[in-house]
Protein chains: 6
Amino acid sequence: MSENWLQPPEWAWINAGEKEEFVHQWVKPLKDCSGQPDVILYGAPISRSSISVSGASQYPDEFRRLWKKFATYNLEEDVDLTSLVVGDAGDVSMHTTDIFLSHQRIEAATKYLVEQYPESITCMIGGDHSVTACAIRGIKQKYSQKSIGILQLDTHLDVRDPKELGPANGTPIRQLIDSQVVQGNHIVNVGLHGFYNAKSLIDYAKDHEIQMIPLKKARNKGLLNTIRESIVNLSRQVDRIYVTVDMDVLDIAFAPGVPASTTGGMTSAELFDILLEIGKHASVKHIDFVCLDPTKDSSVQETVKIGVHAWLQYLTGKAMKE
Amino acid sequence: MSENWLQPPEWAWINAGEKEEFVHQWVKPLKDCSGQPDVILYGAPISRSSISVSGASQYPDEFRRLWKKFATYNLEEDVDLTSLVVGDAGDVSMHTTDIFLSHQRIEAATKYLVEQYPESITCMIGGDHSVTACAIRGIKQKYSQKSIGILQLDTHLDVRDPKELGPANGTPIRQLIDSQVVQGNHIVNVGLHGFYNAKSLIDYAKDHEIQMIPLKKARNKGLLNTIRESIVNLSRQVDRIYVTVDMDVLDIAFAPGVPASTTGGMTSAELFDILLEIGKHASVKHIDFVCLDPTKDSSVQETVKIGVHAWLQYLTGKAMKE
Amino acid sequence: MSENWLQPPEWAWINAGEKEEFVHQWVKPLKDCSGQPDVILYGAPISRSSISVSGASQYPDEFRRLWKKFATYNLEEDVDLTSLVVGDAGDVSMHTTDIFLSHQRIEAATKYLVEQYPESITCMIGGDHSVTACAIRGIKQKYSQKSIGILQLDTHLDVRDPKELGPANGTPIRQLIDSQVVQGNHIVNVGLHGFYNAKSLIDYAKDHEIQMIPLKKARNKGLLNTIRESIVNLSRQVDRIYVTVDMDVLDIAFAPGVPASTTGGMTSAELFDILLEIGKHASVKHIDFVCLDPTKDSSVQETVKIGVHAWLQYLTGKAMKE
Amino acid sequence: MSENWLQPPEWAWINAGEKEEFVHQWVKPLKDCSGQPDVILYGAPISRSSISVSGASQYPDEFRRLWKKFATYNLEEDVDLTSLVVGDAGDVSMHTTDIFLSHQRIEAATKYLVEQYPESITCMIGGDHSVTACAIRGIKQKYSQKSIGILQLDTHLDVRDPKELGPANGTPIRQLIDSQVVQGNHIVNVGLHGFYNAKSLIDYAKDHEIQMIPLKKARNKGLLNTIRESIVNLSRQVDRIYVTVDMDVLDIAFAPGVPASTTGGMTSAELFDILLEIGKHASVKHIDFVCLDPTKDSSVQETVKIGVHAWLQYLTGKAMKE
Amino acid sequence: MSENWLQPPEWAWINAGEKEEFVHQWVKPLKDCSGQPDVILYGAPISRSSISVSGASQYPDEFRRLWKKFATYNLEEDVDLTSLVVGDAGDVSMHTTDIFLSHQRIEAATKYLVEQYPESITCMIGGDHSVTACAIRGIKQKYSQKSIGILQLDTHLDVRDPKELGPANGTPIRQLIDSQVVQGNHIVNVGLHGFYNAKSLIDYAKDHEIQMIPLKKARNKGLLNTIRESIVNLSRQVDRIYVTVDMDVLDIAFAPGVPASTTGGMTSAELFDILLEIGKHASVKHIDFVCLDPTKDSSVQETVKIGVHAWLQYLTGKAMKE
Amino acid sequence: MSENWLQPPEWAWINAGEKEEFVHQWVKPLKDCSGQPDVILYGAPISRSSISVSGASQYPDEFRRLWKKFATYNLEEDVDLTSLVVGDAGDVSMHTTDIFLSHQRIEAATKYLVEQYPESITCMIGGDHSVTACAIRGIKQKYSQKSIGILQLDTHLDVRDPKELGPANGTPIRQLIDSQVVQGNHIVNVGLHGFYNAKSLIDYAKDHEIQMIPLKKARNKGLLNTIRESIVNLSRQVDRIYVTVDMDVLDIAFAPGVPASTTGGMTSAELFDILLEIGKHASVKHIDFVCLDPTKDSSVQETVKIGVHAWLQYLTGKAMKE
């Protein structure tokens, strides 16, 4: 496979046009947007890279399908989202069995978007957490001289060893640190809790100066304060901030549809408040939502509903700022 | 169909006697109560008027069945509910396919109850939200010169256009406003949140001066304060207050058994506190609980349990006041 | 049946060795521990003594199986549990149909453990709540001149009449009071709420001076303060404290896998905080977790996960103290 | 409401174009078909006319969605369905609460189709069984001088009294007999079994000479022979045959997604054989499939899969004949 | 406990009157029947004697509740069941924890029924299979000089050792043989299959000359022939025949609501044919249905429906004979 | 990666010893068997190569776990399986993300087994259907001069193009044909049915002379005759026969736990008869069972139970022959 295919990835995409029934009423296919949309949405439907069985590859479709049932008006903030221009780029086309190729396509697709639409926010809908490493590598290709910071909402550190597991969903943060795409001290993880990270992983995190803010500590200090401070501090140290929301940060009582969700996590209300806050910060240039598996959701689809709601809260924050 | 049938609706009822196994141990069939009970319970088992498929028509039966498993003593408030006299009037008899006729029967039955038992509180167990418009019209027939105020706990405004949908469950509040049974400014909606009301509906609500108190705002101010103030203010403006509890005001994590429940809603604990408060206010003369669909509930029936508990909290408040 | 069988109950046990695949990596079978472990774990897998159908007998196995998926490092408290020595004694061997014999074996096994390992904390995994009475009788045999206090986390009082029900799961506290093993005023129940205890049971509790602290009152005062005070006060009155955690104290939204769980109960977060606190108190010598039925749990096993997490929180508190 | 609206029901339809994502790859929207297609498909998405709660209104959408996952080649018969021209007319537009109006639209839409496409077979996808009466009345308007026979595959007779229930799903056959649209002796019901028809209904059927062939009798004689003979006999007596397949004729072990399905019914294999046979008979001019409720189906959607497969078997029979 | 309590077990019963809502329309409470009913129904709601967790104790209630939804007319046989007189004796009252006492009550209750109603058929609704031993011992008390034969429809032999398990549901046949209530060669087991009986149990069965007719052999010979021959042969050897239907004889694809059901078992259609046949034989004086656990059934309750249907097939056979 | 790693794949295995709790009581770990066992069992736990999301990777564990609940005595055939020597080799160790590497390990492991144990039958438990191609390539390495025939029980042909999909589960048969490991005319597929194979795939099959025997045709001829003839014919043309059982050949009513199962498939009883027959043929040297996904199974695990039962039927046939 030549480097070549990383060029304009025309064929790497499922054409959004083919799936246009999925696009929300006020959202246009990216190809129909003129200029630079406020936000670009794209899907990365892969989860065969997940350590445990996961159907997160089906989330982009379910996300778009359920989204259509939400109105555009946020009553609590008195904000109408139609003031934002959002372009839907469709999904990156995944290979059936070649995980490495699929990952390269996500990287290439992200690079393409940040090159063509430098003024737009990108929002990637996963897929399992492996996609985050791909997206950030893609961004780094465009901004090779710039530093990238990560605000991670996650129950886990995701610093397991890619030498052992390959580019699996437990490894993205370590991939980025070990390949020097992102510095460990430019990563803030908020939401860690309980007994879900082995001691050796915590040692790795400490050695690489990842800032770990457990949920209990964040709650004591105020979750919004914690998020605000983390973004402000990061924005002083790096050129652009990437937010990655691993939906397993939610408590299992709220999010049955996340294979790795646990007890002791965030409530959905906490997550919604956080996303609203994040939306208000211009230094956040990229965001993703990962690890939500619609096939494991309850029959009333409460987890997918949280996923859509969280995304709309982010947009609300963004619209309030503007 | 003549006006006539709206008279003593003897035949409009499923005789409570036929279902007496459903009556809780300390509750008597209405026909066996002498005088004016403190509270009269009756069911309005219709949900084919629901926009989406709903089995809320089965709630009155499930409500009575599960209620039998609850004791009468409220430990937290040290109150024994047996001090109240509660009469069960059974269910209004619904027609299989004639929604309009069924709605008229609910109206007639309610009119009959408020005429015969003017000193009793009425509590209607729905059914979908369309039944609220019927009940209030029935009350208005008795109290045609009096003004009625509504305290609505709901995720939605329920002001969709009956010209388009007929008397469906998305329209009751608008039916009442458009037919001048209730004034828009005598309606307070507490619990609105998220992205579940289209902009046009909010515009209607503003035009008609419905007081919208989103959940976030109510929480900031204190939910109980909000409820208390709403009732006190309403009681200055109107002659009698009708409380309607659309169970979809609850967060979907607590109430899977409500077809329209969403993320971002109330917790069950919040709802219980509110109902206790409402029970303490003598100006509240009518209450209903609607839109709970037992067929969609989880296998442990958590939503129906919330429904019964909420009702008992209301009674507790009532017993505390007396 | 002679008294004799209460002697060294070699045959009364399922040998932990037979099930050693269930033992967590850092936990040894009791027989392989030298000296006095910090904590001894044992199972009492009986639930045919439950008033309603219950599969709580399967909890010890599920508990051990799921525990293996938890790490040993508590990130929020920065504590590594491997500093504790925990011995797993396996399960007490139950008879298929002779409930009385099974109960005697639990009593004998507990007596054996407290005699052989007087310096260890015992932790029993039920089974339904009937096992608590057996365990405390076993302890009392060893400490016949000492007084035992009980801190009970429970939605119910569990003082139904054994004369009527036999030694069922609704009766353990009354068994102990009526047989003068424990004094009523040495029992504190925290977490009572709602409409789940008949008036007559509350009267019994008042007559016997059981301290009832309903959940609402405990929350108003601060749950941790309430727990701390209860333990401190008890420790002034009794020689050793037994904590019994009936998992039905949890709200049904968090704990679908407890047959008797109700609305209006504790959140899992509240329970975790409480267990951490309890772990810090040296006066607590015994603890049990009962009434969790894995066969009724949701498909993502959220209740069993809470059960394991709660236990690890207790160990965390214990490790912090040391 | 004027007669007028029964004219070209342009507005009575959900335009198939709006939903064209649902059309199977080799099937064209009706409006894009030139001439007379072999088969015309249309949906009648109503189930609020059902006696029990039913979500059969969602079947047309689920049917089309799942159909896309089926290939066109019938391996067992060596037939490629693409040799047939099938046009999808979309769904008849239903009113939210006016059941009578919705029924009139189905009637008008069917009349329109048989007038415009007299050489095409019509296939209606319900909806509950009330839609069959509407469709046949629509056909009768076009063929008022012709006699129509019905082959009904059903567990029930569906001759409950419309005077009591209105045009509910238990009444369609009686509606047609009582209004003399169809003669009782032109109706053959195959598949009746068990204890699901009250004695009074059987008496009605006998009085009106409905031919009742219970499943056991049909099996003894050979199911295919029974079907073949029934069609041949009917075709001697009437001008056109309408086949109505109430999916509750299936055994509940195969069809959990039919609210009224029972034990003792047909296997799916039997139904498939029957549909293949029916497809071969030119005298069958109309067919419908009713009462399948996708919201009650198992998580693997076995009932909807049977529904699609049965329809393709019918087409296979049709293609074999040609 | 004295022998005495085995006398007229007035207090041993849940009065059928208390539960009269459960009695089917054409069935009278036994106390209201004059003379000797054709069939007497009674429940034995115990399953804490089950080796695995079972909720079969809830079957009598569910059976009666669902039965009300069945009509009385058997269409396939053209038989109206109202020609039979069936009396419902209610349920035997079970003790909460004393399994032995509960078993004695079943024995006493059965003895009482056969003494008072010697001309009636008794039909007992279990409960787990342990109840069969009790019932037959009760019958034997009345007919101590007579021999009883058993026709058992079962996947298992149920000859595990009561010395080891007590009177658990795996032991009833062995209890009866070892105590010489029934001779091994008077027992015919039809429906055995697969890998569900240990070799040692088969050896026991062979040693005691139990006639084992595996399902495959029975099918080869014809199931109805097998049943007919078994009954005819038995009736030559014994004075009265007791039929026990362990619902686990059904294949798990048809009967998910039986804890021990397996693959490779009977279809429901086969069971229905068999019950019809059994009903025709006057030598069968007693029948029971055991081990159906409604709490494990699918959400559409297919297994309970089979249970009721099977019972009605038996009655149909009985009515045909008369 | 060098050829080298294909040598003694010590490290390629999960040591069966580590999992020995999974081995059935009468089955030994392979390493503890002396000589050549009759049958060798090994797992290939991979399903990330599946086109749709699949948890078939968890089947080997569930298979072993549930197997322990089956006895060894086949009652219907009067055969005790303990007469066979079965060795469990454990599972081939899979890489987390490198599908190609995992596939190579399955190939190497199979080659190793057939080299070391040339007289044993191998039985592989998948995994998805991609593993069959690997196993046969491994066998071919040992028997490079010999021809291999395949008897495939499958709803699908599995001849999709590996050039497009890579070595996914829809491609194994085509991989083998295109690489000339197996000739098309040495493949017999029994069980094809319905509308689940695109026309183009059937054309491929015809071009390569795969023998397609649809289920309907096989049933008409007799399923056992068909199987017997297929094996006998194949054994005349090839040196050794490999049987691959794709569990999706079963009807979805019996096998909900197979992602691709469809309506119109085999009953479990048919599959059991077939496996018994296959077991009797000495020319069958290898067998596998694939595509069973325990995570999608019903709560009573009926599909896994069928999987175990089918395997035991195969062993029964084998034992009968000997």
Side-chain angles (χ1 to χ4, degrees), chain B residues 24-26 66-83 224 247 250-258 261 263 265-277 292 297-316 319-320, chain C residues 51-54 154-157 160 170 189-206 210 212-220 248-270 293 295-300 302-303:
Chain B
H24 196 272
Q25 59 264 34
W26 60 276
L66 211 68
W67 182 13
K68 297 178 104 171
K69 303 199 175 169
F70 283 73
T72 60
Y73 189 79
N74 184 319
L75 212 139
E76 287 163 309
E77 311 300 335
D78 202 15
V79 163
D80 193 338
L81 298 183
T82 56
S83 63
L224 293 192
M247 297 295 283
L250 288 165
D251 194 281
I252 195 170
F254 293 87
V258 185
S261 76
T263 59
M266 278 186 198
T267 67
S268 53
E270 288 174 334
L271 184 65
F272 297 157
D273 282 349
I274 288 173
L275 266 299
L276 186 73
E277 180 62 32
L292 199 163
D297 209 357
S298 71
S299 62
V300 291
Q301 296 202 281
E302 55 198 287
T303 319
V304 181
K305 283 177 181 167
I306 290 176
V308 175
H309 196 124
W311 148 252
L312 296 179
Q313 286 288 99
Y314 170 74
L315 291 186
T316 302
M320 288 169 80
Chain C
I51 298 173
S52 325
V53 178
S54 165
D154 204 336
T155 293
H156 307 90
L157 288 161
R160 293 182 64 176
N189 189 321
V190 179
L192 295 157
H193 59 267
F195 303 86
Y196 310 111
N197 292 279
K199 186 66 166 51
S200 59
L201 303 181
I202 288 160
D203 291 342
Y204 177 93
K206 286 181 178 168
I210 294 173
M212 296 182 278
I213 309 181
L215 184 52
K216 187 173 182 177
K217 193 169 158 193
R219 278 175 173 158
N220 285 343
D248 73 12
V249 78
L250 287 165
D251 193 281
I252 196 171
F254 293 88
V258 185
S261 76
T262 63
T263 59
M266 276 187 200
T267 67
S268 53
E270 288 174 334
D293 176 355
T295 70
K296 289 211 180 53
D297 209 357
S298 70
S299 62
V300 291
E302 55 199 286
T303 319

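We name chains A, B, ... by the order of the sequence lines, and we start the count at 1 in each one.
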**Study point:** Parallel, tilted or perpendicular: rings of F70(B) and Y196(C) (30°, 60°)
**Key:** tilted

Practice item. Pick one of side chain, backbone, both or neither for Q313(B), based on which atoms fall under 4.5 Å of a heavy atom in chain C. Key: both

Exercise for review: Find the distance between NE2 (H193(C)) and CG (N74(B)) and round it off to the nearest 0.5 Å.
Suggested key: 10.5 Å

Check your understanding: So which part of L215(C) gets closer than 4.5 Å to some heavy atom of chain B, the side chain, the backbone, both or neither?
Key -> both

**Study point:** L192(C) versus chain B, the contacting section by heavy-atom distance below 4.5 Å
**Key:** both

**Study point:** With sequence neighbours excluded, residues passing side chain to side chain donor-acceptor pair (under 3.5 Å) with T295(C)
**Key:** D293(C)

Exercise for review: Looking only at non-hydrogen atoms, find the nearest pair between A71(B) and N197(C) and report the distance.
Suggested key: CB-O, 3.8 Å

Revision key, fill the gap. Under 4.5 Å to a heavy atom of chain B? For K217(C) that would be neither

Point to revise | Contact origin within S298(C) toward chain B - heavy atom pairs under 4.5 Å | key: neither

Check your understanding: Is there side-chain contact between F195(C) and V308(B), with at least one heavy-atom pair below 4.5 Å?
Key -> no

Study note, to complete from the structure: Ranking A198(C), G257(C), P214(C), G265(C) by heavy-atom pairs under 4.5 Å to chain B gives rank one to P214(C)

Check your understanding: Does any N or O in the side chain of E76(B) come within less than 3.5 Å of the main-chain N or O of G194(C), such that one atom is a donor and the other an acceptor?
Key -> yes

Check your understanding: Heavy-atom distance under 4.5 Å to chain C: side chain of D80(B), backbone, both or neither?
Key -> side chain

Review point. Roughly how far, to the nearest 0.5 Å, is the NZ atom of K305(B) from the CG atom of D251(C)?
Key: 10.5 Å

Practice item. Give, as side chain, backbone, both or neither, the part of S299(B) having an atom under 4.5 angstrom from any heavy atom of chain C. Key: neither

Point to revise | Gap between atom CG of L75(B) and atom CD1 of I213(C) - 0.5 Å precision | key: 12.0 Å

